[in-house]
Participant: 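Quick one: this structure, given as structure tokens, is what I'll be asking you about.
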Amino acid sequence: MTKHADRIIDELKAVGVTGFGMRKFAIKYLHKVIHENEHIKGVVYGRYSESGGPGLSEGILVATDLRIIFLDHKPGFTKTDEVTYDEVFGIKRTTAIFSAVALHTRLGDFNIRFANSKCASIFVKYVEKRRLETSAG
């Protein structure tokens, strides 16, 4: 593994990604999406509904110090979207046994369900903090 990939793994563990989460295709691919000078501050991974698609797919939302990235990666398929913090106009977290996070942006809504509650909490707190900084500045 490269130094960059090792740093990404360390940052993922620091924001609550479990051993189970580390086995996700999108998590393993993340080092190819995160820039060398970019740092992970929150991650939420789980299931999402593709518009018009049947059932649920696996995806992740990653909050970095520079942007928010949505990533769905499977063998032979990669979907990414990115938004800046000034494009976020709302975030909602719901918790029962698992958590759900709804990120509302100008690009559209991103809804992750069946998410790790600890990761969801860290992600939401960081996005709220950055959103407040963006609106104040």
Side-chain angles (χ1 to χ4, degrees):
M1 276 203 164
T2 66
K3 217 178 204 185
H4 176 66
D6 289 340
R7 177 183 62 85
I8 297 299
I9 289 170
D10 290 343
E11 290 180 1
L12 288 167
K13 288 178 183 175
V15 297
V17 177
T18 63
F20 174 75
M22 289 293 187
R23 291 192 293 269
K24 305 282 185 189
F25 282 119
I27 294 284
K28 290 179 179 182
Y29 187 80
L30 198 53
H31 70 280
K32 295 180 180 184
V33 178
I34 301 291
H35 300 296
E36 294 282 339
N37 64 336
E38 189 172 26
H39 298 280
I40 297 170
K41 302 297 183 177
V43 172
V44 62
Y45 54 93
R47 303 279 186 171
Y48 77 98
S49 294
E50 292 188 74
S51 58
L56 298 172
S57 292
E58 279 191 5
I60 62 174
L61 283 168
V62 183
T64 74
D65 54 341
L66 303 176
R67 60 192 169 144
I68 299 171
I69 303 162
F70 170 80
L71 175 64
D72 179 358
H73 175 75
K74 301 170 183 66
F77 172 84
T78 302
K79 176 182 179 180
T80 59
D81 286 312
E82 67 176 74
V83 295
T84 58
Y85 289 97
D86 63 339
E87 294 173 315
V88 174
F89 61 87
I91 188 164
K92 177 182 176 183
R93 177 179 169 227
T94 307
T95 301
I97 295 170
F98 290 100
S99 287
V101 173
L103 181 70
H104 307 287
T105 73
R106 290 186 187 135
L107 186 63
D109 292 344
F110 297 92
N111 296 294
I112 302 288
R113 295 182 283 182
F114 306 110
N116 173 302
S117 294
K118 179 181 178 183
C119 288
S121 177
I122 292 168
F123 178 86
V124 169
K125 284 178 186 172
Y126 186 77
V127 171
E128 287 173 341
K129 175 181 173 269
R130 285 301 305 269
R131 185 63 195 119
L132 288 171
E133 290 170 0
T134 302
S135 64

Participant: Once you round to the nearest 0.5 Å, how far does OG1 of T18 lie from NZ of K24?
Facilitator: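 One finds 8.0 Å between OG1 of T18 and NZ of K24.
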Participant: Looking at F77, I want to see if its CZ is surrounded by more than 12 non-hydrogen atoms of other residues, nucleotides or ligands under 6.0 Å.
Facilitator: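 Enclosed: over 12 neighbouring heavy atoms sit under 6.0 Å from CZ of F77.
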Participant: Between the side chains of T105 and E87, is a donor N or O closer than 3.5 angstrom to an acceptor N or O?
Facilitator: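 Absent: no donor and acceptor within the cut-off.
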Participant: Do you reckon F110 sits in the same ILVMFWY cluster as Y45, going by side-chain contacts under 4.5 Å, direct or chained?
Facilitator: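 Different hydrophobic clusters.
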Participant: Other residues, nucleotides and ligands only: do more than 12 of their heavy atoms fall within 6.0 Å of NZ on K125?
Facilitator: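 Atom NZ in K125 is not crowded, with 12 or fewer foreign heavy atoms closer than 6.0 Å.
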Participant: Look at R67 together with E82 and state whether they make a salt bridge at an N to O cut-off of under 4.0 Å.
Facilitator: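 The answer is yes: the pair qualifies as a salt bridge.
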Participant: Could you grab the distance from atom OG of S49 to atom CD1 of I112, nearest 0.5 Å is fine?
Facilitator: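 If I round to the nearest 0.5 Å, the distance is 10.0 Å.
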Participant: With no hydrogens and no angle check, do the side chains of R7 and H39 hold a donor and an acceptor under 3.5 Å apart?
Facilitator: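 On atom types as modelled, these side chains qualify, holding a pair under 3.5 Å.
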Participant: Below 4.5 Å, heavy atoms only, C-beta onward: do I91 and E128 meet side chain to side chain?
Facilitator: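 Yes, close enough: below the 4.5 Å cut-off.
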Participant: Testing the basics here: between A63 and V127, what is the closest heavy-atom pair and its distance to 0.1 Å?
Facilitator: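 Result for this residue pair: CB-CG2, 4.1 Å.
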Participant: Walk me through it: do S57 and R47 pass the test side chain to side chain contact (heavy atoms under 4.5 Å, CB included)?
Facilitator: CA-CA 5 Å; S57 292; R47 303 279 186 171; over 6 Å; no
Participant: Over all heavy atoms of both residues, which pair between D109 and H104 is shortest? Give the atoms and the distance, please.
Facilitator: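 Reported closest heavy-atom pair: OD1-ND1, 3.0 Å.
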Participant: Determine whether I40 and L30 satisfy the following criterion, side chain to side chain contact (heavy atoms under 4.5 Å, CB included), listing intermediate values before the conclusion.
Facilitator: CA-CA 10 Å; I40 297 170; L30 198 53; 3.9 Å; yes
Participant: If every non-hydrogen atom of L71 is compared with every non-hydrogen atom of A26, which pair is closest and at what distance?
Facilitator: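 Nearest heavy atoms, L71 then A26: CD2-O, 3.4 Å.
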Participant: Is the shortest side-chain heavy-atom distance between I27 and R23 below 4.5 Å?
Facilitator: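 Not in contact.
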Participant: What's the verdict on side chain to side chain contact (heavy atoms under 4.5 Å, CB included) for N111 and V101, showing C-alpha distance, side-chain angles and the deciding distance?
Facilitator: CA-CA 6 Å; N111 296 294; V101 173; over 6 Å; no
Participant: Take D81 and K79 through the test side chain to side chain contact (heavy atoms under 4.5 Å, CB included) and record every step on the way to the result.
Facilitator: CA-CA 7 Å; D81 286 312; K79 176 182 179 180; 3.9 Å; yes
Participant: Count I, L, V, M, F, W, Y as connected when their side-chain heavy atoms are under 4.5 Å apart, and connections chain through other members. Are V124 and I60 then in the same cluster?
Facilitator: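 Hydrophobic grouping puts V124 apart from I60.
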Participant: Taking C-beta and beyond as the side chain, do S99 and R113 meet within less than 4.5 Å on heavy atoms?
Facilitator: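 In short, these two side chains do not touch, never coming nearer than 4.5 Å.
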Participant: Please report the closest heavy-atom contact between G42 and I122, naming both atoms and the distance.
Facilitator: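 Minimum heavy-atom contact is CA-CG2, 4.3 Å.
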Participant: Measure the acute angle between the ring planes of H73 and Y29, then classify it against the limits of 30° and 60° as parallel, tilted or perpendicular.
Facilitator: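 Because their plane-to-plane angle is under 30°, the rings of H73 and Y29 count as parallel.
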Participant: Give the minimum heavy-atom separation between M22 and L12, together with the two atoms involved.
Facilitator: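 Answer, listing the atom of M22 first, then L12: CE-CB, 3.5 Å.
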Participant: Quick check with a 6.0 Å cut-off and a 45 degree axis cone: is R131 positioned over the face of Y85's six-membered ring?
Facilitator: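 No; the conditions do not both hold, so R131 does not lie above the ring face of Y85.
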Participant: Using a strict 4.0 Å threshold on nitrogen-to-oxygen distance, state whether E58 and K74 make a salt bridge.
Facilitator: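 No, this pair does not count.
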Participant: Counting C-beta onward and ignoring hydrogens, is there a side-chain heavy-atom pair between D72 and F70 closer than 4.5 Å?
Facilitator: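 A side-chain contact under 4.5 Å exists here.
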Participant: V62 and V15: same hydrophobic cluster, using ILVMFWY side-chain contacts below 4.5 Å?
Facilitator: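 They do share one cluster, since a chain of ILVMFWY contacts under 4.5 Å joins V62 to V15.
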Participant: Do you know which two heavy atoms are closest between V43 and C119, and how far apart they sit?
Facilitator: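 Shortest heavy-atom separation between V43 and C119 comes out as O-CB, 3.1 Å.
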Participant: How long is the span from the CD atom in E38 to the NE2 atom in H4, to the nearest 0.5 Å?
Facilitator: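 Those atoms lie 8.5 Å apart.
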Participant: Any side-chain heavy-atom pair from I68 and L103 closer than 4.5 angstrom?
Facilitator: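 Yes; the side chains approach each other to less than 4.5 Å.
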Participant: Shared ILVMFWY cluster between Y48 and V88, side chains joined below 4.5 angstrom?
Facilitator: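 Linked within one cluster.
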